Amino acid sequence: MRGVRLEVLRKFMNASDKTRIQYASKFAGSSNYWKNSIGMNKAIIDNEVLNTKAEIEKRYAEFAKGKPEYEGVVEKIDAIIEKGTPTLRQLYYTNEALRGAIEFGSTYLIMDNIKKALEEKNDSLLQASKKQLEEAYDGIHNKDYDHEVDRAVAKAILPALAKALNADELPDFYNTIRNEFKGDYDAYVDNLYDNSILSNRSNLDKFLKKPTVKAIERDPATAYSRSKNLKIQELGKAHGEQNNGLDLLHKAYIRGLGEMKQPMPSYPDANFTIRLTYGNVKAYSPKDAVYYNYYTTTDGILEKENPENREFMVPAKLKELIQKKDFGRYAMKDGTMPVCFLTTNDITGGNSGSPVINAEGHLIGTAFDGNWESLSGDINFDNNLQRCINLDIRYVLFILEKLGNCEHLIKEMNIIE
């Protein structure tokens, strides 16, 4: 992601919070890593990422002069992004509203198979499809689903999407709302949630007992789901065509950046692949008069304890072990028990749980998070501010032996002290 273009960042900064999450997901590789889009925004500003990128692109333009494989690459990338942005915006809004926010719908492809089976008098296909429809119903109406909450969400989301997009950008079912329900979103949603085949068990059982082509053709959820999915597929295809050639241009841009920075080597952007990243254990100071040590201890566990917040509850046995300083052989020389430590390793979403190995090849911890300043790390990594947060292997061993009573696992390990 070090090769992400400045124009993309500017669009990101000017987008809504939800759109920023989507931009980040697309260009950084992992939406989980970027869920706090406001935090990312702050990190981009505080770390002066835009200024850094502007300077890099200025240097790149000078470097690319007279090199046909690199000259004009930046401008071509910008042109593709500019052309595809309206479609991308439409795709994200539609997808987030109708797939992300609203859960209810119909498995219209199964309905198509039932219709085909009825028309062709194909009993084997009919029985198989009816079974699939029951499974689909159970998949919708599971323990985590609340039909009435989802109904309320739909009543809020459908008009919001209509306000966000132009009328000609909306799925066809909006014509049904306008023409058959006179623009009354609540009436449309109530019909959808009350009268569809998959609305409730009673409706489903009635249909399965006597399925008809007419019932399928009149089913509100089937029409809604088909319209929704066809629009999203249409937008996805259009945006894919608009992005044609972007990957090759991006590869050329990254390759050019690597050559520009020589003799300083550039490690590859390897999101979603196995890779090694090198760093040092190191404290940091993010601002004037603020300093963070390179490690934490079990003292911090007790300091943060909050019995009313399950994320900060401390099990009674663990609390007793910490208070008695019963850390066994895993404590440091001064008797304190380390928990986490900071390194300058450049990690990304998906690296949680990765082994941290020292120069001798010994496992010393596992990476699991980044500091606040690292929220912009996939776009521009700053060795002075951004840190990988790692769980100390000594704390892991302490938990296994003292809290988990897993001495048999300890015995299987070659622990170097």
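On a predicted model such as this, the values are computed, not experimentally measured, just so you know.
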Enquirer: Salt-bridge test for K65 and E71: reply yes if a basic N is under 4.0 Å from a carboxylate O, no otherwise.
Expert: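 So K65 does not pair with E71 through a salt bridge.
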Enquirer: Does the ring center of Y188 lie less than 6.0 Å from the ring center of F181?
Expert: yes
Enquirer: Looking at K155 and D190, is any side-chain nitrogen of the basic one under 4.0 Å from a carboxylate oxygen of the acidic one?
Expert: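 The answer is yes: the pair qualifies as a salt bridge.
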Enquirer: What I want to find out is whether E320 reaches K317 closely enough, with some N-O distance under 4.0 Å, to be called a salt bridge.
Expert: no
Enquirer: Under the 3.5 angstrom rule, does the side chain of N345 hit a backbone N or O of I347 as a donor-acceptor pair?
Expert: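 Judged by distance alone, no pair lies under 3.5 Å.
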Enquirer: Side chain of S129, backbone of L126: donor and acceptor closer than 3.5 Å?
Expert: no
Enquirer: Under 6.0 Å from the NZ atom of K67, do we count more than 12 heavy atoms belonging to anything else shown?
Expert: yes
Enquirer: Would the distance check show the side chain of Y174 and the main-chain N or O of L158 forming a donor-acceptor pair, the cut-off being under 3.5 Å?
Expert: yes
Enquirer: Can you list every ring pair (Phe, Tyr, Trp, His ring centres under 6.0 Å) pair that touches residues 300-335, not counting sequence neighbours?
Expert: F327-F398
Enquirer: Any side-chain to backbone donor/acceptor pair from N203 onto N200? Under 3.5 Å, distance only.
Expert: no
Enquirer: May I ask you to check whether N175 and N179 show a side-chain donor-acceptor distance below 3.5 Å?
Expert: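 Absent: no donor and acceptor within the cut-off.
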Enquirer: Give every residue pair that meets the ring pair (Phe, Tyr, Trp, His ring centres under 6.0 Å) criterion with at least one member in residues 129-153, sequence neighbours excluded.
Expert: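 Output for this query lists F104-H147, Y137-H141, H141-Y145, H141-H147, Y145-H147, H147-Y193.
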Enquirer: Is the CG atom of D334 crowded by more than 12 outside heavy atoms at less than 6.0 Å?
Expert: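 Yes, because the 6.0 Å sphere around CG of D334 holds more than 12 heavy atoms from other groups.
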Enquirer: Crowded around E308 CD? As in, over 12 foreign heavy atoms under 6.0 Å?
Expert: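 No, CD of E308 has 12 or fewer neighbouring heavy atoms, counting only those of other groups under 6.0 Å.
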Enquirer: Rounded to the nearest 0.5 Å, what's the gap from OG on S227 to OH on Y108? Could you check?
Expert: 10.0 Å
Enquirer: With a 6.0 Å cut-off (strictly less than), is the heavy-atom count around OH of Y291, excluding the residue itself, greater than 12?
Expert: yes
Enquirer: Can Y70 and E259 be counted as having a side-chain donor-acceptor contact under 3.5 angstrom?
Expert: yes
Enquirer: Any ion pair linking K251 and D247 (charged N to carboxylate O, less than 4.0 Å)?
Expert: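 So D247 does not pair with K251 through a salt bridge.
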Enquirer: Tell me yes or no: between the side chains of R99 and N229, is some donor less than 3.5 Å from an acceptor?
Expert: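 Yes, a side-chain donor-acceptor pair sits under 3.5 Å.
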Enquirer: Take T297 and M337 through the test side-chain contact (heavy atoms from CB on, under 4.5 Å) and record every step on the way to the result.
Expert: CA-CA 5 Å; T297 70; M337 182 72 231; 5.8 Å; no
Enquirer: Counting only N and O atoms by type, is there a donor-acceptor contact under 3.5 Å from the side chain of T87 to the main-chain atoms of H239?
Expert: no
Enquirer: Regarding E134 and K130, does a basic nitrogen lie under 4.0 Å from an acidic carboxylate oxygen?
Expert: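 No.
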Enquirer: If we ignore angles and hydrogens, is there a donor and acceptor under 3.5 Å between the side chains of N280 and T343?
Expert: no
Enquirer: I'd like to know if D146 pairs up with R151 as an ion pair, taking the criterion as any Lys NZ or Arg NE/NH1/NH2 lying under 4.0 Å from an Asp or Glu carboxylate oxygen.
Expert: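 Result for this pair is no, no salt bridge flagged.
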Enquirer: Would Y224 and F173 count as a close aromatic pair, with their ring centres under 6.0 Å?
Expert: yes
Enquirer: Return yes when atom CE of M413 has more than 12 non-hydrogen atoms of other residues, nucleotides or ligands closer than 6.0 Å, and no otherwise.
Expert: yes
Enquirer: Counting N and O atoms only, with roles assigned by atom type, does the side chain of E169 sit under 3.5 Å from a partner on the main chain of N166, one being a donor and the other an acceptor?
Expert: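 Yes, the answer is positive, given that a donor and an acceptor are paired below the 3.5 Å cut-off.
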Enquirer: Does the side chain of Y284 pick up a donor-acceptor pair with the side chain of N371 at under 3.5 Å?
Expert: yes
Enquirer: Step by step, work out the side-chain contact (heavy atoms from CB on, under 4.5 Å) result for T107 and L133.
Expert: CA-CA 8 Å; T107 50; L133 191 62; 3.7 Å; yes
